[in-house]
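Worth knowing before you read on, the calculation uses all heavy atoms, side chains too, and leaves out hydrogens, waters and symmetry mates.
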Amino acid sequence: MAAFTADNAFSGFSVDDIDAAKDFYGTTLGLDVEVNAMGFLDLRLASGGSILIYAKPNHTPASFTILNFPVADVDAAVDELIERGVQTKIYGDDEFPSDSRGIVRGNGQGPDIAWFRDPAGNVLAVMQA
């Protein structure tokens, strides 16, 4: 199929408040976020990819992790997120046993990871790369 390509494919997710999302992703997380011609947000990744963030009046937070951030030092990344006002312990220890900062240790079974939420309730994660 020559007409269908994945060359410029992108992902997207909804939020309930586009201004709160712009502040969170742009200011709190320090990511490259721009308002596009439709009033949605383009989240531009250093890798060259982009993610569309759009407002949806009947938004329901995703029940899964919508965006993962691989980092060289998950402990330092979590400390930085907490300093920026992000809550990283969002699950109870009965669901995902973690330390007081919310880091779940992979112990050889997977990466060390900590989840957090955006203002719309969507789940994001930082994980040891």
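Dense packing is recorded around CG of D93, with more than 12 heavy atoms of other residues, nucleotides or ligands lying under 6.0 Å away.
With sequence neighbours excluded, the residues satisfying ring pair (Phe, Tyr, Trp, His ring centres under 6.0 Å) with F96 are Y91, W115. With sequence neighbours excluded, no residue forms a salt bridge (Lys or Arg N to Asp or Glu O under 4.0 Å) with K22. Residues satisfying the ring pair (Phe, Tyr, Trp, His ring centres under 6.0 Å) criterion with F69, sequence neighbours excluded, are absent altogether. Every residue meeting the side-chain hydrogen bond (donor to acceptor under 3.5 Å, both in side chains) condition with D23, not counting sequence neighbours, appears here in chain and number order: T27. With sequence neighbours excluded, no residue forms a ring pair (Phe, Tyr, Trp, His ring centres under 6.0 Å) with F116. Legend: residues meeting salt bridge (Lys or Arg N to Asp or Glu O under 4.0 Å) with D94, ordered by chain and number and at least two apart, are absent. In this structure T88 satisfies the side-chain hydrogen bond (donor to acceptor under 3.5 Å, both in side chains) test with no other residue, sequence neighbours excluded. Checked against side chain to side chain contact (heavy atoms under 4.5 Å, CB included), A20 has the following partners two or more places apart in sequence or in another chain: D17, P119. The side-chain hydrogen bond (donor to acceptor under 3.5 Å, both in side chains) search around D16 returns none, not counting sequence neighbours.
Hydrophobic cluster membership differs between L41 and M38, with clusters built from Ile, Leu, Val, Met, Phe, Trp and Tyr side chains linked at under 4.5 angstrom. Connection of L29 to I82 is established within a shared hydrophobic cluster, with ILVMFWY side chains joined at heavy-atom distances below 4.5 Å, either directly or through further cluster members. A continuous path of hydrophobic side-chain contacts links V71 to I103 [ILVMFWY only; heavy atoms under 4.5 Å].
Residues V15 and N122 are in side-chain contact: their nearest non-hydrogen atoms beyond the backbone lie under 4.5 Å apart. Between V86 and T28 there is a side-chain heavy-atom pair separated by less than 4.5 Å. In this structure, the side chains of V126 and V78 come closer than 4.5 Å at one or more pairs of heavy atoms. Within the 4.5 Å cutoff, side-chain heavy atoms of V104 are placed close to those of S98. A heavy-atom distance below 4.5 Å is not found between the side chains of D42 and V33.
For the atom pair L124 CG and D118 CG, the distance stands at 5.5 Å (nearest 0.5 Å).
Between Q87 and K89, the shortest heavy-atom distance links the atoms NE2-O, 3.0 Å. Taking all atoms of both residues into account, the shortest heavy-atom contact from Q128 to V74 is OE1-N, 3.0 Å. Summarising the geometry of G39 relative to I18, their closest heavy-atom pair is O-CG1, 3.9 Å, with the distance given to 0.1 Å. Scanning both residues, S14 and H59, for their nearest heavy atoms gives OG-ND1, 2.7 Å. For the pair A129 and P70, the tightest heavy-atom approach, listed with the atom from each and the gap, is CB-CB, 3.9 Å. D73 and A76 make their closest contact through OD1-N, 3.1 Å (heavy atoms, listed as atom of the first residue, atom of the second, distance).
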Show which side-chain atoms of residues 43-57 pair as donor or acceptor with protein atoms under 3.5 Å away, not counting sequence neighbours.
| unit_1 | atom_1 | unit_2 | atom_2 | d |
| --- | --- | --- | --- | --- |
| R44 | NH1 | E34 | OE1 | 3.0 |
| R44 | NH1 | E34 | OE2 | 3.2 |

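Applying the ring pair (Phe, Tyr, Trp, His ring centres under 6.0 Å) test to every pair with at least one member in residues 7-26, sequence neighbours left out, gives these pairs: F13-Y25. Within the structure, side chain to side chain donor-acceptor pair (under 3.5 Å) pairs that include any residue of residues 100-109 comprise D75-R101, D75-R105, D79-R101, D99-R105, R105-D112 (at least two apart or interchain).
No donor-acceptor distance shorter than 3.5 angstrom exists from the side chain of R117 to the backbone of I90, with no hydrogens or angles considered.
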